[in-house]
Amino acid sequence: MAALDRATEAEEFLSQPGFYQSSVLLPIAAHKRALLYAITTYPVTILIGETGSGKTTQLPQFLHQGGFTSDEKTIACTQPRRVAATTVALRVAEEMGVRIGDEVGYSIRFEDMTGPKTRIKYMTDGMLLREALVDPLLSRYSVIMVDEAHERSLSTDVLLGILKKIRKKRPELRLVISSATLQAEDFMRYFTEGEEDASKVATIVGIEGRAYPVDIQYLQEPCEDYVTRAVETVFDIHLKEGDGDILLFLTGREEIDRVVSLIGEQSSSLHPRSPQILALPLYAGLPSDQQLAVFDPPPENHRKVIVSTNIAEASVTIPGICYVIDSGFVKLRAYNPYTGIESLTAVPISKAAATQRAGRAGRTKPGKCYRLYTSTAFDSLEQQSIPEIQRSNLAPTILQLKALGIDNVARFSFPTPPPAELMVRALELLYALGAVDDYARLTRPVGVRMAELPLDPMLSRTLLASVEDGCWEQMLSIAAMTTVQNVFITHSDSKKAGEQQKRMFSVTEGDHLTLLNVYTAFTTRGKKEAKWARDHMLNFKALSRAVSVRNQLFRYLERHNPGLAEKHCENVTGERIRKCLVKGYFAHAARMQPDGTLRIPGREEELWVHPSSIMFNRKVEWVVFHEVVEGKKLFVRDLSVVEKAWLVEGGGGYWGVKEGR
DNA sequence: GAGCACTGC
């Protein structure tokens with residue numbers, strides 16, 4: 001997604017009128033003294049920096065000039081997304097006239113562009129959390145700016161909690177929390193709760209942005225079907241409004257593809273000499289060449305309509321948008337702690353998201369936003385959507401907190417505490433995996449090493465077991481392949497060819513061994529080449545990512561197993577690998593019923609083998625699976641055949657308890 | 001014979 005990478009915050013500044021004359025003209029410049037004063041005086045500064053204020057690029061430079069980097073100290077600025085961390089760093093290095101990796105650097109997974117001279121460091125918030133494992137007080141940083149904190153991503157929330165704790169032990173540390181207006185007071189309360197004199201701890205500073213006004217239009221009456229209404233609105237704008245491209249927000253691929261073709265069909269009725277419409281889809285699962293198409297200028301006499309998921313809400317900025325059409329819906333992940341089942345459902349957006357979407361129309365000139373719902377419906381929307389930490393599987397988070405030295409996770413100060421059921425469920429699983437003991441303390445070495453691995457705990461456990469079981473070479477490949485998505489290309493036009501190619505690699509014992517075959521074939525016969533991948537209907541980018549992930553995982557294993565590289569696994573059978581899988585995935589064991597559906601012991605839910613699985617339409621007895629996804633039915637993905645005896649042996653107490661219920 | 005919002009280590 002190289003071209004998408006370009007279109008981030010750094011690019012937004014490039015498009016600001018007057019930016020190139022001098023960054024002195026950015027709104028933040030007028031607040032330089034006030035900001036430095038606030039940050040010097042208060043341990044915590046909540047910064048309300050509107051879009052286009054220049055906070056992300058300028059504030060770290062002010063702090064650098066203001067003496068916060070003397071004594072070899074560094075300023076950190078964290079971002080929820082990798083692309084933002086890299087592009088902003090490149091932009092700032094250019095502004096300061098230094099090479100990236102010298103005074104200004106960035107650090108994201110697989111890419112560390114920092115050096116001994118680095119004083120301003122942009123990084124993902126997940127990366128800073130990793131650093132805290134090694135340096136619990138983050139002592140090399142004088143200032144930590146948490147950007148986009150209002151997005152409330154899982155890792156941002158955990159980071160805020162950790163920083164709140166660190167601050168008590170490091171009074172000289174300065175925190176800057178960058179927030180949207182609505183959440184500023186919440187962050188203020190969060191950082192000052194329990195303080196004797198709150199007025200001395202934190203302050204709020206606001207900086208105006210540089211955005212043009214956006215005129216908001218609502219429906220008079222609610223509409224039955226926002227898809228058809230969206231298409232009508234596109235044509236209304238096209239025929240009645242002035243120049244400018246349209247951005248339409250829908251929930252997912254299916255809707256988007258439908259709308260793109262509807263617009264295509266209906267645009268044939270436009271007068272051949274009048275301006276035409278070019279509709280383009282945009283979602284993360286799209287091949288990158290098609291994603292890039294949204295940045296191309298439209299052909300002569302055409303208006304561009306980009307039909308997008310919420311990827312265009314914050315991750316991707318497309319220049320030239322003057323009209324936004326907002327369906328009012330988004331797909332969000334939900335997690336049921338009782339069943340352990342994840343689902344993806346379309347839900348109404350929050351007011352904050354609606355505002356963010358509308359703002360996409362006012363980047364280059366005054367714009368218009370058409371909301372496909374009534375103003376009454378808008379009033380009834382939640383202020384913000386539920387933070388991720390309240391709707392996720394918390395096993396990885398709790399393991400991480402324990403590794404950071406937070407023994408009592410129930411008393412940890414989260415910005416928003418997760419529901420107790422989520423915590424209980426996560427602790428149960430971690431206990432069964434042997435990561436925590438009877439007192440919920442992290443075990444050594446298993447728990448500690450599991451926390452080091454950047455994997456789901458079940459997979460971490462499996463990988464650690466594979467070293468003892470003599471199949472780590474194979475399990476590394478399997479682990480890497482299950483973490484990257486979309487390995488098999490299944491476009492509608494080439495579906496059959498894809499299925500056929502997949503069958504070439506298939507193994508009757510299940511999807512894990514099939515994935516191993518694909519990985520091995522790609523790295524040996526395929527020589528890691530794009531052409532080979534294409535010929536076999538495999539996603540080259542996904543496979544290349546699997547190679548990087550595998551390399552990284554190998555280094556983690558090697559750290560505690562010196563000379564591992566020489567200890568090749570010999571005579572590895574599929575059975576040895578599947579037995580090893582059971583050691584991490586026993587909680588995801590299921591038995592096939594005579595009708596072909598699956599049941600987890602002790603549970604009622606009827607599970608179905610996903611049709612993408614090698615195991616689809618096959619009769620077996622016991623399986624372990626990687627995950628459950630909810631569609632029209634509950635589907636399990638990535639399965640392997642196992643034997644009951646292995647479950648009893650490898651699953652320890654957990655499985656026995658489940659069966660006994 | 002079904003379908004994948006978006007991130008991240």
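Proteins get letters first, then strands, A, B, ... in listed order; numbering begins at 1 in each. Since the model is a prediction, treat every value here as computed from it, not as a measurement.
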Q: Answer yes or no: is there an ion pair linking A:Arg81 with A:Glu148, defined by an N-O contact shorter than 4.0 Å?
A: no
**Q.** Rounded interatomic separation in angstrom, taking NE2 from A:His610 and P from B:dA2
**A.** 10 Å
Q) Within the structure shown, what part of the strands sits under 4.0 Å from A:Arg81 by heavy-atom distance: base, sugar-phosphate, or nothing? A) sugar-phosphate
Q. How is A:Leu129 classified with respect to the nucleic acid when contacts are heavy atoms under 4.0 Å: base, sugar-phosphate, or nothing?
A. nothing
Q. When you measure from the side chain of A:Ile311, which nucleotide among B:dC6, B:dC4, B:dG3 comes out closest?
A. B:dC6
Q: Please tell me which of the listed nucleotides, B:dA2, B:dC9, B:dA5, lies nearest to the side chain of A:Pro454?
A: B:dC9
Q) Under 4.0 Å: is that the gap between some side-chain N or O of A:Thr124 and OP1 or OP2 of B:dC9? A) yes
Q.
Taking the six-membered ring of A:Phe378 as reference, does the cationic atom of A:Arg371 (NZ for Lys, CZ for Arg) lie under 6.0 Å from its centre and within 45° of its axis?
A. yes
Q: Taking only the side-chain heavy atoms of A:Ala284 (C-beta and beyond), determine which of B:dC4, B:dC9, B:dC6 contains the nearest atom.
A: B:dC6
Q) To the side chain of A:Pro611, which of B:dA5, B:dG1, B:dC9 is closest? A) B:dG1
Q: Scan A:Ser153 against the nucleic acid and name what it touches under 4.0 Å (heavy atoms): base, sugar-phosphate only, or nothing.
A: nothing
(Q) If you assign A:Gln552 and A:Lys331 each to the DNA chain B nucleotide with the nearest heavy atom, which residue ends up on the more 5' nucleotide? (A) A:Lys331
Q. Any idea which of B:dC9, B:dG1, B:dC6 is nearest the A:Arg82 side chain?
A. B:dC9
(Q) Counting only side-chain heavy atoms from C-beta out, which of B:dG3, B:dC9, B:dG1 sits nearest to A:Met127? (A) B:dC9
Q) Does NZ or CZ of A:Arg391 fall inside the cone over A:Tyr335's six-membered ring, less than 6.0 Å from its centre and within 45° of the axis? A) no
Q. Under 6.0 Å from the NZ atom of A:Lys165, do we count more than 12 heavy atoms belonging to anything else shown?
A. no
Q.
Closest-nucleotide mapping onto DNA chain B: is A:Pro396 or A:Gly252 further toward the 5' terminus? I mean the 5' end.
A. A:Gly252
